[in-house]
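Source: prediction; values computed, not measured. Residues: numbered from 1 along the sequence shown.
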Amino acid sequence: MENGDHRSQVRSATNLSSSVGRTLDADRMIEALAPDPWKRRPGVVVSHHMSSEHPAAGRRRREQLRDYLRACRARLTPGDVGMAAGGRRRTPGLRREEVAMLAGVGVSWYTWLEQGRDINVSAEVLDAISRALCLTDPERAHLHVLAGLNPPPRTGGSGGTSVTPELRRLLDAWMPRPAILRDRYWNLLAINDATRAVFGYDNTDHNCLISFFTNARYRGMHVQWASVAPAVVAAFRADAAHDPGAPEFNRVVDGLSAVSPEFAELWARHEVSVPEQAVKAIRHPEADDLFFDVTTLTVTDHPDWHLELYNPLPGTEDILERLVPSPV
């Protein structure tokens with residue numbers, strides 16, 4: 001069957017369904033008329049965005065995409081998206097052609113996507129489909145992953161921008177051990193009193209990276225500052241790469257480059273790394289050497305917030321009891 005004949009049959013079948021008001025399912029007619037495999041059809045490009053993916057894994061992912069799109073479509077009514085019901089429906093939810101119309105894509109193309117065909121798809125089109133299906137941000141990210149794309153940049157979560165009392169209580173409960181809550185730009189959101197006493201942070205410290213290079217007391221206490229500095233900058237570059245257009249990342253880099261030649265030189269190397277589980281060594285002027293395991297956790301409802309917990313190694317905890325005042 002030639003392309004033109006196939007499209008003509010699909011249009012005719014769809015028009016027949018709408019004109020006589022019968023319960024024919026246009027989606028099923030499109031699927032039945034569709035030749036297989038689509039990969040050989042002119043104008044349909046095989047997707048290469050997951051070229052390193054094992055074929056079996058790709059098939060399973062597309063099967064999950066198929067089921068997910070069908071489930072999202074089935075839970076919506078025409079009224080949910082401002083459309084007239086248009087008579088009785090054999091199955092619940094929107095029809096494929098309705099989703100395609102709302103998303104501004106072709107019916108056949110959306111059908112292939114929902115069938116789990118191995119076709120090219122862009123982030124922009126997935127976002128249009130997400131809006132058509134009224135997906136939440138986590139659901140939209142899931143759709144991107146199932147389609148074989150990187151998830152879209154994450155928002156700060158649904159819990160607002162203020163640090164909650166629960167998180168502040170958690171920081172205080174970690175006493176006399178240091179604890180830091182920071183955002184993705186490494187801005188300090190909250191710290192406990194142990195962080196101030198052990199690391200020398202005060203009210204002028206607002207960003208972990210800036211303090212690492214400009215807080216003289218902190219630098220003086222960090223036993224291996226010079227050897228650790230390249231890894232710190234490389235980790236910040238890796239975080240910044242997730243959202244290269246974010247003004248806050250640029251503000252931190254530009255501001256720190258202007259006051260710290262050491263940072264500017266390290267930033268110019270373009271090194272990238274991921275933070276690893278490590279021991280932090282501090283030579284405190286009042287307590288000699290302190291050693292901590294550092295664990296970083298992500299706040300669930302604020303995925304761009306990170307909680308750094310410093311767990312003292314044997315011998316350090318007793319020193320902390322003396323160094324850090326007990327809460328009144």
Side-chain angles (χ1 to χ4, degrees), residues 25-32 34-41 43-78 80-81 83 89 91-158 184 238-239 241-245 274 298-304:
D25 188 339
D27 293 344
R28 295 183 183 278
M29 287 187 287
I30 291 173
E31 187 167 347
D36 192 25
W38 281 105
K39 298 175 184 178
R40 299 174 186 168
R41 302 288 294 175
V44 179
V45 182
V46 179
S47 173
H48 294 291
H49 56 286
M50 295 280 289
S51 58
S52 62
E53 186 178 43
H54 190 277
R59 286 192 297 271
R60 288 193 296 269
R61 175 177 56 77
R62 291 191 295 275
E63 288 170 358
Q64 294 179 37
L65 173 64
R66 175 197 64 201
D67 296 340
Y68 183 62
L69 285 172
R70 289 176 178 174
C72 292
R73 179 166 59 86
R75 72 188 183 188
L76 292 176
T77 66
D80 293 332
V81 294
M83 299 177 65
R89 295 173 179 240
T91 57
L94 298 178
R95 297 188 176 102
R96 284 175 175 162
E97 61 265 32
E98 291 169 336
V99 175
M101 181 191 70
L102 291 169
V105 300
V107 177
S108 296
W109 185 90
Y110 179 78
T111 300
W112 306 334
L113 182 68
E114 195 176 286
Q115 289 173 348
R117 305 284 182 176
D118 190 9
I119 59 175
N120 269 341
V121 59
S122 69
E124 291 76 12
V125 170
L126 288 181
D127 285 343
I129 293 171
S130 297
R131 290 189 292 270
L133 294 173
C134 304
L135 301 186
T136 64
D137 284 344
E139 291 170 338
R140 170 175 163 248
H142 186 60
L143 177 61
H144 278 244
V145 172
L146 291 182
L149 300 182
N150 291 325
R154 299 174 300 184
T155 62
S158 58
R184 62 173 171 166
D239 282 352
H242 291 294
D243 192 4
V274 177
T298 299
V299 180
T300 301
D301 57 348
H302 284 280
D304 294 323

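Scanning both residues, A238 and H242, for their nearest heavy atoms gives O-CD2, 3.3 Å. Nearest heavy-atom pair across L102 and A132 is CB-CB, 3.7 Å. Minimum heavy-atom separation, S122 to L149: C-CD1, 3.8 Å. Taking each heavy atom of V99 and R73 in turn, the nearest pair found is CG2-CD, 3.6 Å. Scanning all heavy atoms of the two residues, the minimum distance from A141 to P152 falls at CA-CD, 3.7 Å. Looking at every heavy atom in both residues, L113 comes nearest to I119 through N-CD1, 3.8 Å.
Counting only heavy atoms from C-beta outward, the side chains of L65 and L143 approach each other to under 4.5 Å. Contact check for N150 versus H144: no side-chain heavy atoms found under the 4.5 Å cut-off. Counting heavy atoms from C-beta on, the side chains of I129 and L135 never come closer than 4.5 Å. Residues D137 and R140 form a side-chain contact, since some pair of their non-hydrogen atoms from C-beta on lies under 4.5 Å apart. The closest side-chain heavy-atom distance from V107 to E97 is below 4.5 Å.
R75 meets the salt bridge (charged side-chain N to carboxylate O under 4.0 Å, His left out) test with E139; sequence neighbours excluded. For the side-chain hydrogen bond (donor to acceptor under 3.5 Å, both in side chains) test, no residue two or more places apart in sequence or in another chain qualifies with D67. In this view, R89 and E98 satisfy the salt bridge (charged side-chain N to carboxylate O under 4.0 Å, His left out) rule, not counting sequence neighbours. The salt bridge (charged side-chain N to carboxylate O under 4.0 Å, His left out) check on D80 picks up nothing, with sequence neighbours excluded. Judged as a side-chain contact (heavy atoms from CB on, under 4.5 Å), and not counting sequence neighbours, A71 has no contacts.
Applying the ring-ring contact (aromatic ring centres under 6.0 Å, His included) test to residues at least two apart or on different chains, the pairs with a partner in residues 115-142 are Y68-H142.
With rounding to the nearest 0.5 angstrom, the CE atom of M83 is 11.0 Å from the CG atom of L76. Separating the CG atom in D243 from the CZ atom in R184 is a distance of 4.5 Å, to the nearest 0.5 Å. Here the straight-line distance linking atom CZ of R60 with atom CD of E63 works out to 8.5 Å at 0.5 Å rounding. For the atom pair CZ (R62) and CD (E53), the distance works out to 7.0 Å, reported to the nearest 0.5 Å. Note that the CG atom of L69 and the CG atom of L133 stand 6.5 Å from one another [nearest 0.5 Å].
In terms of modelled atom types and a separation under 3.5 Å, the side chain of R66 and the main chain of E114 share no donor-acceptor contact.
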